[in-house]
Amino acid sequence: MSVYGAQRRDRPTAEPAPSPGARLRALLGGSEPAVLMGAHDGLSARVAAEAGFPALWASGLCISTALGVRDSDEASWTELLEMAARVVAASGLPVLVDGDTGHGNFNTARRFTARVEQIGGAGVCLEDKLFPKMNSFVGDGHELTKIGEFCGKIAACRDALADPDFVIVARTEALIAGAGLDEALRRGEAYRRAGADALFIHSRQSTVSEIAQFAREWQSRLPLVIAPTTYHTTPMEEYVKLGISGVIWANQSMRASLAAMRKACESLRRDGPAAVEDGISSLEELFSLMRYQELAEDEKRYGDQAPGIAELVATRKPGS
Ligand code: SPV
Ligand code: MG
């Protein structure tokens with residue numbers, strides 16, 4: 001894949017490529033849980049793709065962090081979308097974009113969702129909290145939106161899409177808000193009926209138990225997606241047993257880079273560059289990840305010193 005995201009030269013032309021939505025849908029319909037790696041910019045997206053993840057989560061928390069703001073609608077939705085577009089383009093993978101609450105009402109939600117489709121996203125995830133939202137791990141004041149209002153958002157988003165395979169994930173924060181299992185189930189069912197393709201059930205407990213309870217009651221009415229940030233010790237086999245369809249490693253990449261940047265900055269300030277050199281990526285690694293070699297090859301093909309370029313320019317028909 002080129003740095004431009006599209007498989008410019010290596011894509012066979014005979015069959016149209018499946019849409020990003022179709023690719024994500026297929027992953028969520030697989031026999032094993034699909035793992036969606038969290039990404040927050042072009043670099044983290046490329047690193048995740050290189051590591052072999054099949055799909056990405058464009059995390060609102062991590063994009064906000066990368067922008068230097070809090071995950072409480074401090075970034076505008078166009079700022080978040082711009083970063084999500086970088087995640088899509090840099091990875092070439094199906095990307096589920098965190099749409100938070102839809103950034104307002106049904107109208108902002110559908111505008112955002114339509115734009116996610118236009119930038120090549122595979123799906124959007126909307127959560128049933130009030131705007132402005134606060135990250136689910138911060139504080140206790142997580143107020144839920146009315147069920148009817150959230151169903152209207154889902155329906156409006158569905159109607160704003162061109163690709164029927166684009167994935168709408170409804171996320172209930174009922175367990176985060178302390179509203180209980182029955183409320184979470186009631187909301188999940190309403191969102192299913194409103195047209196959601198998958199349900200994200202979120203928990204911040206340190207064990208998987210409330211997710212397990214939910215999954216047993218839910219009985220695969222829609223694919224279930226989870227983000228095991230606090231219950232991270234649960235083995236993947238448990239999710240297989242529970243019939244979970246998607247597992248999101250939402251913020252580990254950002255937290256890894258935060259820890260590494262802090263360590264490097266502290267050591268550089270204290271001991272100078274020689275102290276960190278062995279523990280950081282070489283420039284060669286960076287150039288290889290970003291395919292600088294490809295640019296050199298393109299220079300030979302398209303640059304003004306390229307052997308046949310004068311003839312090509314003289315003979316090529318416009319648009320060919
Ligand atoms: C995010 O990554 O922005 C999420 C997941 O929404 S969490 O932070 O776990 O709520
Ligand atoms: Mg989020």
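Basis for what follows: all heavy atoms, side chains included, without hydrogens, waters or symmetry-related copies. Whatever order the structure lists ligands and atoms in, that order sets their numbers, starting from 1.
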*So, for Y231 and S203, which heavy atoms are closest and what is the spacing to 0.1 Å?*
CE2-O, 3.8 Å

*What about the rings of F137 and H202, do their centers lie closer together than 6.0 Å?*
yes

*Between L61 and ligand 1, which part of the residue brings a heavy atom under 4.0 Å of the ligand: side chain, backbone, both or neither?*
both

_Distance, nearest 0.5 Å, that separates CG of N135 from CD1 of I176_ = 9.0 Å

*Check whether the side chains of Q213 and R216 place a donor and an acceptor atom closer than 3.5 Å, and report yes or no.*
no

*Quick one: which ligand 1 atoms are inside 4.0 Å of a heavy atom on A250?*
2 (O)

*List the steps, then state whether side-chain hydrogen bond (donor to acceptor under 3.5 Å, both in side chains) holds for S136 with E173.*
CA-CA 8 Å; S136 308; E173 292 276 288; 2.6 Å; yes

*Relative to atom 9 (O) of ligand 1, which among F137, W249, F200 owns the nearest non-hydrogen atom?*
F137

*Give the atoms of ligand 1, by number and element, whose distance to some non-hydrogen atom of H202 is under 4.0 Å.*
7 (S), 9 (O), 10 (O)

*Is E297 salt-bridged to K300, cutoff N-O under 4.0 Å?*
no

*For atom 8 (O) of ligand 1, the protein heavy atom that lies nearest, with its residue and separation*: N135 ND2, 3.0 Å

*Distance filter under 4.0 Å to S59 heavy atoms, resulting ligand 1 atoms*: 1 (C), 2 (O), 3 (O)

*Can you sort out which atoms of ligand 1 are near S136, meaning under 4.0 Å from one of its heavy atoms?*
10 (O)

*Give the numbers and elements of all ligand 1 atoms closer than 4.0 Å to a heavy atom of W57.*
1 (C), 2 (O), 4 (C), 6 (O)

*Got a sec: does the CZ of R111 have more than 12 other heavy atoms crowding it under 6.0 Å?*
no

*asked:* So if I count the atoms of ligand 1 from 1 in the order they appear, which ones are less than 4.0 Å from some heavy atom of R171?
replied: 4 (C), 5 (C), 6 (O), 10 (O)

*Any ion pair linking R46 and E50 (charged N to carboxylate O, less than 4.0 Å)?*
no

*Have a look at D98 and say which of its N, O or S atoms is nearest the Mg ion (ligand 2).*
OD2

*Classify the contact between I248 and ligand 1 as side chain, backbone, both or neither, using a heavy-atom distance cut-off of under 4.0 Å.*
neither

